[in-house]
Number of protein chains: 2
Amino acid sequence: MSDVSDGGAAAARPGRSRRRTDLSEREIVAAALRLVAREGADNLTMRGLAAELGLSSMASYYHVPSKTVLFDLVADAVLADVRVPDSEEPWEKRLREMFISARSELARYPGVAALLLSRTSETPNMRRLSSELRRALRQAGFDRAESDALGEAFTIYLFGRLIFEGRAVAESAAPAEPGPAGARPADAFETGLDLLLAGTRELLRTTSRD
Amino acid sequence: MSDVSDGGAAAARPGRSRRRTDLSEREIVAAALRLVAREGADNLTMRGLAAELGLSSMASYYHVPSKTVLFDLVADAVLADVRVPDSEEPWEKRLREMFISARSELARYPGVAALLLSRTSETPNMRRLSSELRRALRQAGFDRAESDALGEAFTIYLFGRLIFEGRAVAESAAPAEPGPAGARPADAFETGLDLLLAGTRELLRTTSRD
DNA sequence: ACCTGAACACCGTTCAAGT
DNA sequence: ACCTGAACACCGTTCAAGT
(Lines give C-alpha, C1' and ligand atoms only; values in the text may rest on other atoms or scores of the structure.)
Protein backbone atom coordinates (compact mmCIF):
# COMPACT_ATOMS: atom_id res chain seq x y z
CA MET A 1 0.00 0.00 0.00
CA SER A 2 1.03 3.62 -0.17
CA ASP A 3 3.90 4.81 1.96
CA VAL A 4 2.45 8.25 1.47
CA SER A 5 2.31 9.42 5.05
CA ASP A 6 -0.88 11.30 4.54
CA GLY A 7 -0.49 13.01 1.19
CA GLY A 8 -3.53 15.18 0.96
CA ALA A 9 -6.43 12.86 1.46
CA ALA A 10 -5.60 11.98 5.02
CA ALA A 11 -7.53 13.30 7.94
CA ALA A 12 -6.30 16.30 9.82
CA ARG A 13 -5.98 15.28 13.43
CA PRO A 14 -4.62 17.49 16.17
CA GLY A 15 -2.06 15.35 18.02
CA ARG A 16 1.33 14.30 16.74
CA SER A 17 1.72 10.96 18.49
CA ARG A 18 2.91 9.20 15.33
CA ARG A 19 2.97 5.70 16.65
CA ARG A 20 -0.53 5.11 17.88
CA THR A 21 -2.04 7.47 15.38
CA ASP A 22 -0.66 5.94 12.19
CA LEU A 23 -1.67 2.53 13.31
CA SER A 24 -5.09 3.86 14.01
CA GLU A 25 -5.48 5.31 10.55
CA ARG A 26 -4.55 2.01 8.98
CA GLU A 27 -7.15 0.33 11.15
CA ILE A 28 -9.75 2.88 10.22
CA VAL A 29 -9.20 2.38 6.53
CA ALA A 30 -9.05 -1.37 6.88
CA ALA A 31 -12.36 -1.39 8.72
CA ALA A 32 -13.90 0.88 6.11
CA LEU A 33 -12.65 -1.38 3.32
CA ARG A 34 -14.11 -4.42 5.05
CA LEU A 35 -17.46 -2.67 5.26
CA VAL A 36 -17.37 -1.54 1.66
CA ALA A 37 -16.39 -5.01 0.46
CA ARG A 38 -19.30 -6.51 2.33
CA GLU A 39 -22.04 -3.94 1.90
CA GLY A 40 -20.90 -1.48 -0.72
CA ALA A 41 -19.91 2.15 -0.40
CA ASP A 42 -23.56 3.18 -0.37
CA ASN A 43 -23.90 1.51 2.97
CA LEU A 44 -20.70 2.85 4.42
CA THR A 45 -21.77 4.99 7.29
CA MET A 46 -19.94 6.97 9.94
CA ARG A 47 -21.88 5.10 12.58
CA GLY A 48 -21.36 1.77 10.90
CA LEU A 49 -17.65 2.37 10.72
CA ALA A 50 -17.54 3.03 14.45
CA ALA A 51 -19.50 -0.16 15.05
CA GLU A 52 -17.09 -2.13 12.85
CA LEU A 53 -14.30 -0.83 15.08
CA GLY A 54 -16.19 -1.85 18.18
CA LEU A 55 -16.73 1.73 19.27
CA SER A 56 -19.79 3.77 19.94
CA SER A 57 -21.61 5.65 17.22
CA MET A 58 -19.78 8.95 17.12
CA ALA A 59 -16.25 7.63 17.52
CA SER A 60 -15.54 7.88 13.78
CA TYR A 61 -15.51 11.63 14.02
CA TYR A 62 -12.51 11.56 16.23
CA HIS A 63 -10.45 9.76 13.58
CA VAL A 64 -11.94 11.11 10.39
CA PRO A 65 -13.22 14.66 10.08
CA SER A 66 -16.01 13.96 7.62
CA LYS A 67 -17.52 11.41 5.33
CA THR A 68 -15.97 13.13 2.33
CA VAL A 69 -12.52 12.48 3.74
CA LEU A 70 -13.47 8.93 4.58
CA PHE A 71 -14.48 8.37 0.99
CA ASP A 72 -11.16 9.76 -0.20
CA LEU A 73 -9.26 7.46 2.12
CA VAL A 74 -11.23 4.47 0.89
CA ALA A 75 -10.90 5.37 -2.76
CA ASP A 76 -7.20 5.94 -2.45
CA ALA A 77 -6.68 2.65 -0.63
CA VAL A 78 -8.54 0.74 -3.31
CA LEU A 79 -6.46 2.31 -6.06
CA ALA A 80 -3.25 1.64 -4.17
CA ASP A 81 -3.18 -1.96 -5.35
CA VAL A 82 -3.61 -1.21 -9.02
CA ARG A 83 -0.52 -2.40 -10.86
CA VAL A 84 1.07 -0.45 -13.67
CA PRO A 85 3.23 -2.39 -16.10
CA ASP A 86 6.80 -1.46 -16.72
CA SER A 87 7.20 1.56 -18.95
CA GLU A 88 9.33 -0.40 -21.42
CA GLU A 89 6.30 -2.34 -22.49
CA PRO A 90 4.44 -1.17 -25.61
CA TRP A 91 1.80 1.45 -24.87
CA GLU A 92 -1.16 -0.70 -25.79
CA LYS A 93 -0.15 -3.49 -23.49
CA ARG A 94 0.46 -0.99 -20.73
CA LEU A 95 -2.98 0.56 -21.08
CA ARG A 96 -4.67 -2.76 -21.32
CA GLU A 97 -3.05 -4.20 -18.25
CA MET A 98 -3.43 -1.18 -16.12
CA PHE A 99 -7.13 -0.96 -16.85
CA ILE A 100 -7.66 -4.63 -16.26
CA SER A 101 -5.90 -4.36 -12.95
CA ALA A 102 -7.90 -1.28 -11.98
CA ARG A 103 -11.10 -3.00 -12.93
CA SER A 104 -10.37 -6.03 -10.83
CA GLU A 105 -9.47 -3.98 -7.77
CA LEU A 106 -12.53 -1.78 -8.11
CA ALA A 107 -14.78 -4.77 -8.61
CA ARG A 108 -13.94 -5.95 -5.11
CA TYR A 109 -15.30 -2.77 -3.58
CA PRO A 110 -18.78 -1.99 -4.87
CA GLY A 111 -19.64 1.66 -5.10
CA VAL A 112 -16.09 2.96 -5.09
CA ALA A 113 -16.02 3.53 -8.84
CA ALA A 114 -19.10 5.72 -8.44
CA LEU A 115 -17.29 7.78 -5.85
CA LEU A 116 -14.29 8.20 -8.10
CA LEU A 117 -16.36 9.27 -11.06
CA SER A 118 -18.52 11.74 -9.19
CA ARG A 119 -16.13 13.48 -6.85
CA THR A 120 -13.44 15.99 -7.54
CA SER A 121 -10.86 15.01 -4.98
CA GLU A 122 -7.38 14.07 -6.05
CA THR A 123 -5.73 11.49 -3.88
CA PRO A 124 -2.12 10.38 -4.33
CA ASN A 125 -3.04 7.19 -6.10
CA MET A 126 -5.45 8.91 -8.44
CA ARG A 127 -2.63 11.21 -9.41
CA ARG A 128 -0.22 8.33 -9.82
CA LEU A 129 -2.55 6.40 -12.08
CA SER A 130 -3.72 9.25 -14.21
CA SER A 131 -0.17 10.34 -14.78
CA GLU A 132 0.82 6.82 -15.79
CA LEU A 133 -2.13 6.80 -18.12
CA ARG A 134 -1.14 10.04 -19.78
CA ARG A 135 2.42 8.85 -20.01
CA ALA A 136 1.38 5.73 -21.88
CA LEU A 137 -0.61 7.80 -24.34
CA ARG A 138 2.26 10.18 -24.91
CA GLN A 139 4.39 7.12 -25.53
CA ALA A 140 1.90 6.13 -28.17
CA GLY A 141 2.50 9.43 -29.95
CA PHE A 142 -0.19 11.82 -28.78
CA ASP A 143 0.57 15.29 -27.57
CA ARG A 144 -0.18 16.46 -24.09
CA ALA A 145 -3.68 17.77 -24.78
CA GLU A 146 -4.67 14.71 -26.77
CA SER A 147 -3.33 12.42 -24.09
CA ASP A 148 -5.34 14.21 -21.45
CA ALA A 149 -8.51 13.99 -23.47
CA LEU A 150 -8.09 10.34 -24.40
CA GLY A 151 -7.08 9.38 -20.90
CA GLU A 152 -10.23 11.01 -19.62
CA ALA A 153 -12.34 8.94 -21.98
CA PHE A 154 -10.66 5.70 -20.88
CA THR A 155 -11.13 6.63 -17.24
CA ILE A 156 -14.75 7.49 -17.70
CA TYR A 157 -15.33 4.19 -19.41
CA LEU A 158 -13.62 2.29 -16.60
CA PHE A 159 -15.60 3.85 -13.80
CA GLY A 160 -18.77 3.90 -15.83
CA ARG A 161 -18.51 0.22 -16.61
CA LEU A 162 -18.11 -0.63 -12.96
CA ILE A 163 -21.12 1.42 -11.99
CA PHE A 164 -23.04 -0.29 -14.74
CA GLU A 165 -21.95 -3.72 -13.56
CA GLY A 166 -22.82 -2.90 -9.99
CA ARG A 167 -26.46 -2.25 -10.73
CA ALA A 168 -28.97 -4.06 -8.58
CA VAL A 169 -29.88 -7.13 -10.58
CA ALA A 170 -33.59 -6.72 -9.90
CA GLU A 171 -34.97 -9.77 -8.18
CA SER A 172 -34.16 -12.20 -10.95
CA ALA A 173 -32.99 -15.29 -9.12
CA ALA A 174 -32.08 -16.79 -12.48
CA PRO A 175 -28.75 -18.66 -12.22
CA ALA A 176 -27.37 -17.05 -15.39
CA GLU A 177 -25.88 -19.97 -17.29
CA PRO A 178 -22.15 -20.35 -16.85
CA GLY A 179 -21.54 -20.84 -20.57
CA PRO A 180 -19.86 -23.74 -22.37
CA ALA A 181 -16.51 -24.91 -21.08
CA GLY A 182 -13.96 -23.58 -23.54
CA ALA A 183 -15.86 -20.56 -24.79
CA ARG A 184 -14.54 -17.68 -22.74
CA PRO A 185 -17.39 -15.19 -22.34
CA ALA A 186 -15.07 -12.46 -23.62
CA ASP A 187 -16.27 -10.25 -20.84
CA ALA A 188 -18.07 -7.06 -21.58
CA PHE A 189 -15.54 -4.84 -19.87
CA GLU A 190 -12.77 -6.01 -22.15
CA THR A 191 -14.93 -5.72 -25.22
CA GLY A 192 -15.40 -2.04 -24.47
CA LEU A 193 -11.76 -1.60 -23.59
CA ASP A 194 -10.83 -3.12 -26.92
CA LEU A 195 -13.17 -0.73 -28.63
CA LEU A 196 -11.36 2.19 -27.04
CA LEU A 197 -7.99 0.77 -27.91
CA ALA A 198 -9.07 0.21 -31.49
CA GLY A 199 -10.19 3.80 -31.61
CA THR A 200 -6.88 4.92 -30.22
CA ARG A 201 -4.96 3.03 -32.91
CA GLU A 202 -7.25 4.46 -35.55
CA LEU A 203 -6.69 8.01 -34.33
CA LEU A 204 -2.98 7.36 -34.30
CA ARG A 205 -3.06 6.30 -37.93
CA THR A 206 -5.49 8.94 -39.09
CA THR A 207 -3.97 12.01 -37.48
CA SER A 208 -0.67 13.40 -38.68
CA ARG A 209 2.12 12.34 -36.34
CA ASP A 210 5.70 13.57 -36.11
CA MET B 1 -44.89 -4.12 -8.30
CA SER B 2 -48.38 -4.31 -9.77
CA ASP B 3 -50.27 -4.56 -13.01
CA VAL B 4 -47.92 -2.37 -14.95
CA SER B 5 -50.35 -1.54 -17.72
CA ASP B 6 -49.06 1.93 -18.45
CA GLY B 7 -45.55 1.30 -19.62
CA GLY B 8 -43.56 0.29 -16.61
CA ALA B 9 -42.41 3.53 -15.11
CA ALA B 10 -45.71 5.04 -14.21
CA ALA B 11 -46.99 5.05 -10.66
CA ALA B 12 -49.63 2.58 -9.62
CA ARG B 13 -52.52 4.47 -8.15
CA PRO B 14 -55.82 2.96 -7.08
CA GLY B 15 -58.51 5.07 -8.75
CA ARG B 16 -59.42 5.14 -12.39
CA SER B 17 -60.52 8.74 -12.76
CA ARG B 18 -58.50 9.25 -15.95
CA ARG B 19 -59.03 12.95 -16.34
CA ARG B 20 -57.79 14.41 -13.12
CA THR B 21 -55.26 11.67 -12.61
CA ASP B 22 -53.36 11.96 -15.86
CA LEU B 23 -53.11 15.67 -15.49
CA SER B 24 -51.81 15.17 -12.03
CA GLU B 25 -49.05 12.84 -13.13
CA ARG B 26 -47.90 15.35 -15.70
CA GLU B 27 -47.81 17.98 -13.00
CA ILE B 28 -45.88 15.72 -10.67
CA VAL B 29 -43.24 14.98 -13.26
CA ALA B 30 -43.05 18.62 -14.31
CA ALA B 31 -42.50 19.69 -10.73
CA ALA B 32 -39.86 17.01 -10.25
CA LEU B 33 -38.07 18.11 -13.41
CA ARG B 34 -38.09 21.70 -12.25
CA LEU B 35 -36.51 20.65 -9.00
CA VAL B 36 -33.91 18.49 -10.66
CA ALA B 37 -33.02 21.22 -13.13
CA ARG B 38 -32.51 23.66 -10.29
CA GLU B 39 -30.93 21.53 -7.60
CA GLY B 40 -29.93 18.25 -9.18
CA ALA B 41 -31.32 14.78 -8.68
CA ASP B 42 -29.32 14.37 -5.48
CA ASN B 43 -31.49 17.00 -3.92
CA LEU B 44 -34.75 15.68 -5.23
CA THR B 45 -36.69 14.71 -2.18
CA MET B 46 -40.16 13.37 -1.58
CA ARG B 47 -40.80 16.23 0.80
CA GLY B 48 -39.28 18.75 -1.54
CA LEU B 49 -41.46 17.57 -4.36
CA ALA B 50 -44.55 18.06 -2.22
CA ALA B 51 -43.36 21.54 -1.34
CA GLU B 52 -42.79 22.35 -5.01
CA LEU B 53 -46.40 21.36 -5.59
CA GLY B 54 -47.55 23.55 -2.75
CA LEU B 55 -48.65 20.61 -0.66
CA SER B 56 -47.64 19.36 2.74
CA SER B 57 -44.69 17.04 3.25
CA MET B 58 -46.20 13.65 2.77
CA ALA B 59 -48.43 14.46 -0.18
CA SER B 60 -45.98 12.99 -2.70
CA TYR B 61 -46.75 9.52 -1.45
CA TYR B 62 -50.26 9.78 -2.63
CA HIS B 63 -49.15 10.38 -6.22
CA VAL B 64 -45.95 8.38 -6.38
CA PRO B 65 -45.49 5.13 -4.48
CA SER B 66 -41.77 5.49 -3.82
CA LYS B 67 -38.68 7.42 -4.64
CA THR B 68 -37.54 4.66 -6.96
CA VAL B 69 -40.61 5.16 -9.08
CA LEU B 70 -40.16 8.92 -8.96
CA PHE B 71 -36.64 8.50 -10.30
CA ASP B 72 -37.91 6.34 -13.11
CA LEU B 73 -40.51 8.90 -14.04
CA VAL B 74 -37.92 11.65 -14.07
CA ALA B 75 -35.37 9.65 -16.04
CA ASP B 76 -37.94 8.64 -18.61
CA ALA B 77 -39.16 12.20 -19.01
CA VAL B 78 -35.65 13.48 -19.59
CA LEU B 79 -35.00 10.85 -22.24
CA ALA B 80 -38.29 11.56 -23.93
CA ASP B 81 -36.86 14.58 -25.73
CA VAL B 82 -33.84 12.81 -27.16
CA ARG B 83 -34.08 12.89 -30.92
CA VAL B 84 -33.13 9.96 -33.09
CA PRO B 85 -32.22 10.71 -36.70
CA ASP B 86 -34.03 9.10 -39.54
CA SER B 87 -32.97 5.54 -40.18
CA GLU B 88 -32.01 6.32 -43.78
CA GLU B 89 -29.05 8.28 -42.55
CA PRO B 90 -25.67 6.51 -42.43
CA TRP B 91 -25.07 4.68 -39.17
CA GLU B 92 -22.23 6.89 -38.00
CA LYS B 93 -24.22 10.05 -38.39
CA ARG B 94 -27.13 8.43 -36.61
CA LEU B 95 -25.05 7.39 -33.66
CA ARG B 96 -23.32 10.71 -33.44
CA GLU B 97 -26.48 12.75 -33.48
CA MET B 98 -28.38 10.61 -31.10
CA PHE B 99 -25.62 10.77 -28.55
CA ILE B 100 -25.20 14.48 -28.94
CA SER B 101 -28.90 14.95 -28.44
CA ALA B 102 -28.93 12.66 -25.41
CA ARG B 103 -26.01 14.47 -23.92
CA SER B 104 -27.61 17.84 -24.28
CA GLU B 105 -30.87 16.71 -22.72
CA LEU B 106 -29.11 15.01 -19.83
CA ALA B 107 -26.91 18.03 -19.24
CA ARG B 108 -29.98 20.06 -18.35
CA TYR B 109 -30.87 17.74 -15.50
CA PRO B 110 -27.86 17.15 -13.24
CA GLY B 111 -27.71 13.77 -11.58
CA VAL B 112 -30.06 12.02 -13.98
CA ALA B 113 -27.24 10.33 -15.88
CA ALA B 114 -26.05 8.87 -12.59
CA LEU B 115 -29.49 7.43 -11.99
CA LEU B 116 -29.58 5.91 -15.43
CA LEU B 117 -26.19 4.32 -15.09
CA SER B 118 -26.72 2.91 -11.64
CA ARG B 119 -30.26 1.59 -11.72
CA THR B 120 -31.73 -1.40 -13.43
CA SER B 121 -35.15 -0.11 -14.35
CA GLU B 122 -36.26 -0.07 -17.93
CA THR B 123 -38.54 2.74 -18.84
CA PRO B 124 -40.19 3.11 -22.26
CA ASN B 125 -37.77 5.73 -23.46
CA MET B 126 -34.74 3.78 -22.34
CA ARG B 127 -36.04 0.87 -24.37
CA ARG B 128 -36.72 3.07 -27.34
CA LEU B 129 -33.26 4.57 -27.33
CA SER B 130 -31.32 1.43 -26.71
CA SER B 131 -33.17 -0.33 -29.46
CA GLU B 132 -32.43 2.52 -31.86
CA LEU B 133 -28.82 2.30 -30.81
CA ARG B 134 -28.62 -1.40 -31.50
CA ARG B 135 -30.41 -0.91 -34.77
CA ALA B 136 -27.82 1.62 -35.92
CA LEU B 137 -25.02 -0.76 -35.07
CA ARG B 138 -26.67 -3.62 -36.91
CA GLN B 139 -27.00 -1.26 -39.85
CA ALA B 140 -23.26 -0.75 -39.63
CA GLY B 141 -22.73 -4.46 -40.03
CA PHE B 142 -22.40 -5.96 -36.58
CA ASP B 143 -24.35 -8.98 -35.48
CA ARG B 144 -26.80 -8.90 -32.65
CA ALA B 145 -24.34 -9.78 -29.88
CA GLU B 146 -21.73 -7.36 -31.11
CA SER B 147 -24.30 -4.60 -31.42
CA ASP B 148 -25.43 -5.18 -27.86
CA ALA B 149 -21.89 -5.08 -26.53
CA LEU B 150 -20.86 -2.01 -28.47
CA GLY B 151 -24.05 -0.19 -27.65
CA GLU B 152 -23.41 -0.86 -24.00
CA ALA B 153 -19.98 0.72 -24.25
CA PHE B 154 -21.36 3.82 -25.95
CA THR B 155 -24.07 4.13 -23.34
CA ILE B 156 -21.66 3.74 -20.47
CA TYR B 157 -19.47 6.40 -21.97
CA LEU B 158 -22.40 8.79 -22.36
CA PHE B 159 -23.66 8.48 -18.82
CA GLY B 160 -20.17 8.32 -17.40
CA ARG B 161 -19.14 11.49 -19.15
CA LEU B 162 -22.12 13.34 -17.74
CA ILE B 163 -21.38 12.16 -14.24
CA PHE B 164 -17.80 13.24 -14.73
CA GLU B 165 -18.86 16.66 -15.98
CA GLY B 166 -21.25 17.10 -13.13
CA ARG B 167 -18.59 16.81 -10.48
CA ALA B 168 -18.45 19.58 -7.93
CA VAL B 169 -15.79 21.94 -9.21
CA ALA B 170 -14.13 22.32 -5.81
CA GLU B 171 -14.16 25.90 -4.68
CA SER B 172 -11.99 27.22 -7.50
CA ALA B 173 -13.57 30.56 -8.33
CA ALA B 174 -11.18 30.82 -11.28
CA PRO B 175 -13.04 32.20 -14.31
CA ALA B 176 -11.62 29.53 -16.61
CA GLU B 177 -10.52 31.43 -19.70
CA PRO B 178 -13.08 31.44 -22.48
CA GLY B 179 -10.50 30.59 -25.12
CA PRO B 180 -9.68 32.46 -28.34
CA ALA B 181 -12.57 33.51 -30.54
CA GLY B 182 -12.48 31.14 -33.50
CA ALA B 183 -10.91 28.14 -31.81
CA ARG B 184 -13.81 25.89 -30.94
CA PRO B 185 -12.89 24.09 -27.72
CA ALA B 186 -13.67 20.77 -29.44
CA ASP B 187 -15.54 19.70 -26.39
CA ALA B 188 -14.39 16.75 -24.40
CA PHE B 189 -17.59 14.79 -24.78
CA GLU B 190 -17.30 14.77 -28.53
CA THR B 191 -13.64 13.89 -28.43
CA GLY B 192 -14.51 10.74 -26.54
CA LEU B 193 -17.46 10.05 -28.77
CA ASP B 194 -15.17 10.32 -31.78
CA LEU B 195 -12.80 7.90 -30.14
CA LEU B 196 -15.59 5.36 -29.80
CA LEU B 197 -16.70 5.92 -33.37
CA ALA B 198 -13.15 5.53 -34.62
CA GLY B 199 -12.95 2.28 -32.69
CA THR B 200 -16.20 1.14 -34.21
CA ARG B 201 -14.95 1.81 -37.73
CA GLU B 202 -11.72 0.03 -36.95
CA LEU B 203 -13.56 -3.03 -35.65
CA LEU B 204 -15.71 -2.98 -38.72
CA ARG B 205 -12.65 -3.08 -40.95
CA THR B 206 -10.68 -5.55 -38.86
CA THR B 207 -13.33 -8.17 -38.26
CA SER B 208 -14.59 -10.36 -41.06
CA ARG B 209 -17.92 -9.06 -42.32
CA ASP B 210 -20.45 -10.68 -44.60
C1' DA C 1 -5.83 11.64 23.96
C1' DC C 2 -9.66 9.08 23.05
C1' DC C 3 -14.24 8.31 23.31
C1' DT C 4 -19.48 8.81 24.61
C1' DG C 5 -24.35 10.67 24.50
C1' DA C 6 -27.51 13.83 23.49
C1' DA C 7 -29.10 16.81 20.17
C1' DC C 8 -30.20 19.01 15.46
C1' DA C 9 -31.68 18.98 10.93
C1' DC C 10 -32.41 16.18 7.59
C1' DC C 11 -33.94 11.54 4.91
C1' DG C 12 -37.63 7.58 3.06
C1' DT C 13 -41.59 5.35 4.46
C1' DT C 14 -46.01 3.96 6.97
C1' DC C 15 -50.28 4.86 8.72
C1' DA C 16 -54.15 6.60 11.07
C1' DA C 17 -56.84 10.48 10.54
C1' DG C 18 -59.08 14.38 8.57
C1' DT C 19 -62.23 16.63 4.63
C1' DA D 1 -60.39 10.97 -3.61
C1' DC D 2 -56.95 13.72 -1.88
C1' DC D 3 -54.29 15.25 1.58
C1' DT D 4 -52.24 16.00 6.54
C1' DG D 5 -49.49 14.96 10.87
C1' DA D 6 -47.29 12.18 13.75
C1' DA D 7 -44.19 8.62 14.09
C1' DC D 8 -40.19 5.31 13.06
C1' DA D 9 -35.74 4.19 11.78
C1' DC D 10 -32.27 5.93 9.70
C1' DC D 11 -28.50 9.72 8.03
C1' DG D 12 -24.22 13.46 8.72
C1' DT D 13 -22.60 16.55 11.93
C1' DT D 14 -21.70 19.29 16.32
C1' DC D 15 -20.62 19.63 20.87
C1' DA D 16 -20.39 19.30 25.73
C1' DA D 17 -18.97 15.91 28.70
C1' DG D 18 -16.68 11.97 30.55
C1' DT D 19 -12.05 9.14 31.60
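What you see below is based on every heavy atom in this structure, not just the backbone, and it leaves out hydrogens, waters and symmetry mates. In the text below, chain A, chain B and the rest are named by the order of the sequence lines, each starting its count at 1.
- Under the rule for a side chain to side chain contact (heavy atoms under 4.5 Å, CB included), the partners of A:Ala41 that lie at least two apart in sequence or sit in another chain are A:Val36, A:Leu115.
- Using modelled atom types, no side-chain atom of A:Ser101 and backbone atom of A:Val82 make a donor-acceptor pair closer than 3.5 Å.
- A salt bridge is absent between B:Arg138 and B:Asp143: the closest approach of a Lys/Arg side-chain nitrogen to an acidic carboxylate oxygen does not fall below 4.0 angstrom.
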Might you list the N or O atoms of the protein lying below 3.5 Å from N or O atoms in nucleotides 16-19 of chain C, with each pair's distance?
none

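- Residues passing the side-chain hydrogen bond (donor to acceptor under 3.5 Å, both in side chains) test with A:Asp148, sequence neighbours excluded: none.
- Salt-bridge formation is not detected for the pair B:Arg94/B:Asp86: no Lys NZ or Arg NE/NH1/NH2 atom is positioned less than 4.0 Å from an Asp or Glu carboxylate oxygen.
- Under the ring-ring contact (aromatic ring centres under 6.0 Å, His included) criterion, A:Tyr157 pairs with A:Phe189, sequence neighbours left out.
- Rounded to whole Å, atom P of C:dC10 lies 18 Å from atom CE of B:Met46.
- A:Asp72 and A:Ser121 share a side-chain donor-acceptor pair at under 3.5 Å.
- For the strand DNA chain D, secondary-structure stems (runs of at least three Watson-Crick or G-U pairs, all distances below 3.5 Å) span C:4-8 with D:12-16, C:12-16 with D:4-8.
- Counting to the nearest Å, the P atom of D:dT13 and the NZ atom of A:Lys67 are 8 Å from each other.
- A donor-acceptor contact shorter than 3.5 Å links the side chain of A:Lys67 to the backbone of A:Leu44.
- Evaluation of the side-chain hydrogen bond (donor to acceptor under 3.5 Å, both in side chains) rule for B:Arg128 yields B:Asn125 as partners, not counting sequence neighbours.
- Screening residues 91-111 of chain A for ring pair (Phe, Tyr, Trp, His ring centres under 6.0 Å) gives A:Phe99-A:Phe154 as the qualifying pairs, with residues at least two apart or on separate chains.
- For the OP1/OP2 pair of C:dC3 and a distance below 4.0 Å, the side-chain nitrogens and oxygens of A:His63 include at least one atom meeting the criterion.
- The side-chain hydrogen bond (donor to acceptor under 3.5 Å, both in side chains) check on B:Arg108 picks up B:Glu105, with sequence neighbours excluded.
- Near-neighbour residues of DNA chain C inside residues 34-45 of chain A, defined by a heavy atom below 4.0 Å, are absent.
- Atom CG of A:Leu49 is separated from atom C1' of D:dG12 by 13 Å (rounded to the nearest Å).
- Taking the side chain to side chain contact (heavy atoms under 4.5 Å, CB included) definition, one finds that B:Glu92 meets it with B:Leu197, B:Arg201, sequence neighbours left out.
- Checked against side-chain hydrogen bond (donor to acceptor under 3.5 Å, both in side chains), B:Arg38 has the following partners two or more places apart in sequence or in another chain: B:Glu52.
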Readout for nucleotides 4-9 of chain D: B = base within 4.0 Å of protein heavy atom, S = sugar-phosphate only, - = neither; 5' to 3' it is BBB---

